Amino acid sequence: MKSSARGRPVAAWVGAAASVALLVRAAPARAQACCTTTGSSEIGVVGRCHQGLLMAQASYEEALGSFDERGSYRSLEGSAARDATLTLAGGVRPFGPALQLYGALPLRVQQRALAGIPEATRAGAGDATAGARLMALEDRMAGIRLDEPTSLIPFLEPVVAVRLPSGRAPADSRTPSQADVTGEGAYALLGGVSIVKFLTLDESLSVTATYGHRFAHRAGAAASGSRRYEPGAELDAKLAFFDVVDLHWSWTAFATGRWTAAAASDGRPVPASETRRIRVGIGGARYLTYPTWQLTASVAADPPVSGLSQGIPFAGASLALGLRRSFPY
Amino acid sequence: MQLDPRRQRHVPAALLAFAAAACGAPPEPDARDLSGLLSQAGALRGSFTPAPDPPATGDNSLAMQLALVDGAPLVGAALALEPWMPAHGHGTPTVPVVVELGAGSYRADRIHLTMPGHWEIGIRVEWGDTADVFILDYDAR
Ligand SMILES: [Cu+2]
């Protein structure tokens, strides 16, 4: 009796110490889950528990085929299109955790080798984006429990952004292969929503959907006067699954879709100008030093399946490596 | 050169398939019949042979046989070509060059199709004080 009475407080202390140790261990793990997941929907986006982010991502994309306007996939024959991109991006939460401002500028090096046209490699800025997000709802990150309705609440962020025609538009191309075309030549206004839901303590699902209005612009070729070209509206969607393995490691599998509506030229709709692009990919992230420096890597590809995408001249595979410096509160 | 985006009417695909079957050569799935086309204002008839055929991403050329609708070969005309990708709203930085070969025959070189997909080749033909336009549909692979 005596010994067991003495043993109870000891056991309680051991239990409490173990719980604290677990909590101490679990808190950063959950923070890592939170930041990695909420900061991954788009390049430059700051994770929920960080105040700021600076990042650089180097990517390489090789075109392997194309989807015609009916969706038939065909391998590229006798031509090559290779793009290397260094994207500099960053974000900050200037007035507390709810609102963040972020932006990204891609710097592109593009090689085009097309049969009978002088091969060319050209470098230049691509189209820059700047946006804002508001954390409207917050997930408690305890996983879903059906007996607890509040556990169904996800992270929810409305997003607004602009894309600027900082890249060289096709109308301004001076290179026969158009290797120098690094942008669309159109301003775009984007609005959407990003939703992240933790299914368990360390697995989450994220859905981002953005509608983009691309503004009309003058388009012309060397031989002609200009025309008024209205690119179709765009819808971008990303579905991602995240698994946070431990404090340092996490991995993701994702699919992206991009749909554009029919374009119009001088007020008339352009037949068969709708496009669709479906890509899939996987990625991993590792904190070099938690919670500041993180290394990311991902591969993505256009599955070469007829009917999946349509109206995509260059489809292929890409590899991206990124380095993120986060600034915790 | 502002080209009317209205498309040419083409010989039905069945006819093309029949013609190709008659020659014993299976048709390329995307090959379009570019013979006996009527110009937009109806003043000219033209037959066009792309090289390569079907057109491909990269450098292309185009042989053209042009005649007035009464059948007389069109000689001494000035031709200007403009490749245009209507879905993307862009053309090409390179201007194709055209040479007249005589007896209504012309040839255009340096038609640079910079990506796979659907292109329109606008051909503006000027002779005397008259002008007319052909627009050819290309599916570059
Ligand atoms: Cu194009």
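Residue numbers start from 1 in every chain, and the chains themselves are labelled A, B, ... in the order their sequence lines are given, proteins ahead of strands. Quick note: numbers below take in every heavy atom, side chains included, and nothing from hydrogens, waters or symmetry partners. Small disclaimer: the values here were computed from a predicted structure and weren't measured.
- If you measure heavy-atom distances from A:Glu69 to chain B, the contacts under 4.5 Å come from the side chain alone.
- Annotation: maximal heavy-atom pairing with chain B below 4.5 Å, among A:Ser173, A:Ser66, A:Ala179, A:Ser79, occurs at A:Ser173.
- Across A:Ala263, A:Pro231, A:Ala262, A:Ala115, the residue that shares the most heavy-atom pairs under 4.5 angstrom with chain B is A:Ala115.
- A salt bridge does not link A:Asp236 with A:Lys238: every distance from a Lys NZ or Arg NE/NH1/NH2 to an Asp or Glu carboxylate oxygen is 4.0 Å or more.
- Salt-bridge annotation for A:Arg168 and A:Glu184: absent, with no side-chain N of the basic residue lying under 4.0 Å from a carboxylate O of the acidic one.
- Comment: A:Arg70 does not engage A:Glu274 in a salt bridge, judged by the lack of any side-chain N to carboxylate O separation of less than 4.0 angstrom.
- Interface summary for chain B: among A:Pro176, A:Gly116, A:Ser273, the most heavy-atom pairs under 4.5 angstrom belong to A:Pro176.
- Comparing A:Val181, A:Thr260, A:Thr175 by how many heavy-atom pairs each has under 4.5 Å with chain B, the most go to A:Thr175.
- Most heavy-atom pairs under 4.5 Å with chain A: of the set B:His88, B:Met115, B:Arg110, this distinction falls to B:His88.
- Using a 4.0 Å cut-off between charged side-chain N and carboxylate O, A:Arg277 and A:Glu234 make no salt bridge.
- For A:Leu76, the part sitting under 4.5 Å from any heavy atom of chain B is the side chain, from C-beta outward, and nothing else.
- Heavy-atom pairs under 4.5 Å with chain A were tallied for B:Asn60, B:Asp59, B:Thr57; the largest tally goes to B:Asp59.
- Side-chain contact check for B:Ile123 versus B:Val133: every heavy-atom pair is 4.5 Å or farther apart.
- Salt bridge absent: A:Arg74 and A:Asp68 never bring a charged side-chain N and a carboxylate O closer than 4.0 Å.
- Using cut-offs of 30° and 60° on the angle between ring planes, the pair A:His213 and A:Phe215 is perpendicular.
- Neither the backbone nor the side chain of A:Arg112 comes within contact range of chain B, judged by heavy atoms closer than 4.5 Å.
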